[in-house]
Amino acid sequence: MKAQLQEAWTILRLIHRQRPYVIFYGFSASLLKTITAYLPLWFTSILINLFLAKTDTQSLFLSVLLFACCMLLSEGGQYVLEYRLNIAVKELELGLEKNISEKAMYLSYDKLEDKDTLDLIEKAKAGFMQNGGIQVMMAQFSALLEICCTMIISFGLLLYLLSCHGTNKEGILGFMDTFWAGLVLLMLLCGYALFGKYLSKGFSKAGMKFFDQNAKLSRENNYYSSEVALNQKMAKDVRLFQMQDTVLEEMAQRQQNSLKYFTIFNHRIAMLFSESVFLGNMMNGFFYMFVILKVYVKSIPVGDFVTYAGTITKLNDAISTFPIIYTDLMMLFHYMSYYNTFLQLADQKEDSDEISLQEDSVITFDHVTYAYPGSNQPALNDVSLTLEPHKKTAIVGLNGAGKTTLIKLLCGLYEPSEGTIRIDGKPVTAKQLSALQNKFGVVFQDFALFAGTLKENITCDPNEKDEAIRDVLNRSGFAKRLATLPDDIHTMLGVQENGIQLSGGEAQKVAIARALYADRPWIILDEPTAALDPLSEIEIYTHLNELIQNKSAIYISHRMSSCQFCDDILVFEHGNLIQRGSHAKLLQQDGLYQQLWTAQAAYFQEAS
């Protein structure tokens, strides 16, 4: 219970920081809603008592008028508060959604490749959207406040009822009109309330167990249902290799397991709810008999029966509903705690110790080792090298040799497991390197173009001149395709309305243009011509010096012909730097570079 309340307090503070007035609106609306529900009971009792007392018509009319005014003010205030609450909750929802996106974009990159972090992100998203998301959470919070207000008012009225005593009676009637009878009923009521705590614990345990079991299944099912079945890039492979049945079977297995867990959860909830309904009806019966006897012995006026009977019904409903609403809300708070935990993850926004990367800076890897989370085999192993400025460096090796890992370490996307990266001899952290990411113009082999105009994919600054954009697109070999676009560089890309689809090679030219346009001192191209046709590849490498100019450049490529244009070549194997030198020097050495070059040269000679 203490842990649940601490969790609830943390989430309420989070909500208050995001939108301070949401909780105020929720409490005020719940209080007015409770009062509105009691007003008809009170005024009905007053009117019945006035009728029985044969009060004059003017008094009855004034009572009805007062009742109408009170209902108008109460319901009007409730409507205004709920209207403002709905808007505030929507603002809160949008703000929380923005927080997730902002956190994900500034989160340390290596965490996005960690299974535990991915599970936490899925739980954070589920916590934010679970069972209707923040809208339902705030609705349940308001409902719980309303229940609490109902309990307070009802207990107050029942305590007043117990203090009312009529004419002296003997036997059971006399006992029922005593303080002791009321005390017995209050004890029964407290016992019923304690039973609610048992229900609440049962609901909570079942719900949280289901959530924890279902989170991993949900992530895996979303992968097959969204990232595979609905992914345009995977559609060709799915059809050509007849993977439909396999994908659907994988989805079905996870859905069946999810349904099994849900059935167990739902069965437990149904059993607990049945117990609550049975005891609730018994309590209703006891209290109705008590109120009837109070009227019979003239402890209270006949008209007050309406108020107290309605109060008992409302109190019983509140007590029986409280465990359900409370548990549901605590589970929603528990789900949201994953959201809060996700927001607490360290990011790479800034580092207090600034460092600079100049055009003439020297970058050194000093015995750097990196292993991916959960892997015992390092992707890079004790690598020491120096990258000189204004040189074109090629990095070659077989798949899995550690080439792309080296670049991600250089860009501050990963933190070395061991060793140090230095700039001009000064050690730097991944956070410091991430702050220097605007010094690297990078095109990864799995680059992405975004839904937007061609210009927006080159630069996010709307004030940039169109001519500069066209120039860099022409230099990257995109000139012919650009001439065919309906709106020039303002043509929309993607699947949205009026958007066009670029081929893989065309998209790669746009990505290269984006890196060149950034005009950064270090250019990094990871498989820059993988999707290009041979003529376009020759064009890119022929104009390489013109494209790169006097910048420092790093190339990763499986096409050994690209190495001829480079000043320095690094050869990697199984995460180790095994060779280094110029193309001519390495070609004379017996080693992996010579093998790779000879293998590709022999292939083309045989093909010709």
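- Tyr83 and Tyr79 have parallel rings, their planes meeting at less than 30° on a 0 to 90° scale where 60° marks the start of perpendicular.
- Side-chain rings of Tyr370 and Tyr372 approach one another, their centers coming within less than 6.0 Å.
- No more than 12 heavy atoms of other residues, nucleotides or ligands sit less than 6.0 Å from atom NE2 of His16.
- Using a 4.5 Å cut-off on side-chain heavy atoms (C-beta onward), Leu502 and Val510 make contact.
- The two residues Val472 and Tyr517 come nearest to each other via the heavy atoms CG2-N, 3.7 Å.
- You'll find the side chain of Leu12 reaches within 4.5 Å of the side chain of Ile23, heavy atoms only.
- A donor and an acceptor atom, one from each side chain of Thr150 and Tyr38, are nowhere located under 3.5 Å apart.
- Residues Leu410 and Ile554 have side chains in contact (heavy-atom distance under 4.5 Å, counting atoms from C-beta outward).
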*Begin from the C-alpha positions of Val428 and Arg422 and carry the test side chain to side chain contact (heavy atoms under 4.5 Å, CB included) through to its verdict.*
CA-CA 6 Å; Val428 294; Arg422 304 176 189 275; 6.0 Å; no

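- Counting only heavy atoms from C-beta outward, the side chains of Lys33 and Cys149 never approach each other to under 4.5 Å.
- Within a 6.0 Å radius of CZ in Phe447, other residues, nucleotides and ligands contribute more than 12 heavy atoms.
- With hydrogens and angles left out, the side-chain atoms of Asn86 and Gln135 include no donor and acceptor closer than 3.5 Å.
- Looking at heavy atoms from C-beta onward, Phe365 lies out of side-chain contact with Thr420 at the 4.5 angstrom threshold.
- A donor-acceptor contact under 3.5 angstrom links the side chains of Glu91 and Tyr21, judged on distance only.
- Looking only at side-chain heavy atoms (C-beta outward), Thr117 and Leu107 come within less than 4.5 Å of each other.
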